[in-house]
Amino acid sequence: MRIGELAQRTGTTPKAIRLYEARGLLGTVARAGSYRHYGEADVARVLLIRQAQALGFRLSELDGLPHIDTAAGWERMAQLVAGRRAAVAQELARLSALDAQLALLEAELHTCDTLAVPVAPEACAAPSTLAVAPPAHNPAQFGAATKAGAARFTAT
């Protein structure tokens with residue numbers, strides 16, 4: 001089959017297939033004159049490349065793909081997948097911790113809302129484990145403005 005049919009069968013473009021070939025991801029492609037001829041193995045490889053990209057792999061990570069039909073090729077791909085799964089697990093843990101912090105903040109906001117009176121945030125806050133430090137107070141930064149404001153109120 002020619003490049004257009006391969007592109008159509010795999011849901012990609014001829015330009016992408018040429019890129020895969022240029023990067024060595026398709027191995028050696030048969031040619032008849034200036035035309036490339038692809039087989040079913042190429043269809044499987046392009047589909048695997050597209051699946052890997054959909055799962056977050058970069059083309060540069062797929063170097064060993066032309067040798068995937070060997071034990072070493074399968075082992076390399078298995079290592080890539082294991083590494084990706086470990087990264088996903090770390091991200092899930094980070095997102096879970098973020099979700100817990102958001103739930104605490106939401107609970108504090110609902111507590112304040114049910115009090116329905118203007119109060120200091122500390123009065124309605126549930127005990128929190130949020131790791132948010134208050135902004136540092138720098139007295140020198142506000143000293144001049146505070147003295148000027150105080151003088152204005154005492155002058156009347």
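Residues: numbered from 1 along the sequence shown.
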Drop me the distance from [X]'s [atom1] to [Y]'s [atom2], to the nearest 0.5 angstrom.
X: Glu5; Y: His37; atom1: CD; atom2: NE2; answer: 11.0 Å
X: Gln90; Y: Leu95; atom1: CD; atom2: CG; answer: 12.0 Å
X: Leu6; Y: Tyr20; atom1: CG; atom2: OH; answer: 10.0 Å
X: Arg50; Y: Thr12; atom1: CZ; atom2: OG1; answer: 4.5 Å
X: Arg36; Y: Leu26; atom1: CZ; atom2: CG; answer: 9.5 Å
X: Leu19; Y: Thr13; atom1: CG; atom2: OG1; answer: 9.0 Å

Q: For the pair Glu91 and Arg94, evaluate salt bridge (Lys or Arg N to Asp or Glu O under 4.0 Å) and give the outcome as yes or no after the intermediate values.
A: CA-CA 5 Å; Glu91 184 66 9; Arg94 185 189 72 78; 2.6 Å; yes
(Q) Quick check on Arg31: does its CZ atom have over 12 non-hydrogen neighbours (other residues, nucleotides or ligands) under 6.0 Å away? (A) yes
Q | Gln79 atom CD, neighbour heavy-atom count above 12 within 6.0 Å | A | yes
Q.
Quick one: does any side-chain atom of Ser96 pair with a main-chain N or O of Leu92 as donor and acceptor, under 3.5 Å?
A. no
**Q.** Within one Ile-Leu-Val-Met-Phe-Trp-Tyr cluster: Val88 and Leu80, side-chain cutoff 4.5 Å
**A.** no
Close side-chain approach of [X] to [Y], heavy-atom, < 4.5 Å:
X: Leu25; Y: Arg45; value: no
X: Leu62; Y: Met77; value: yes
X: Glu21; Y: Tyr38; value: yes

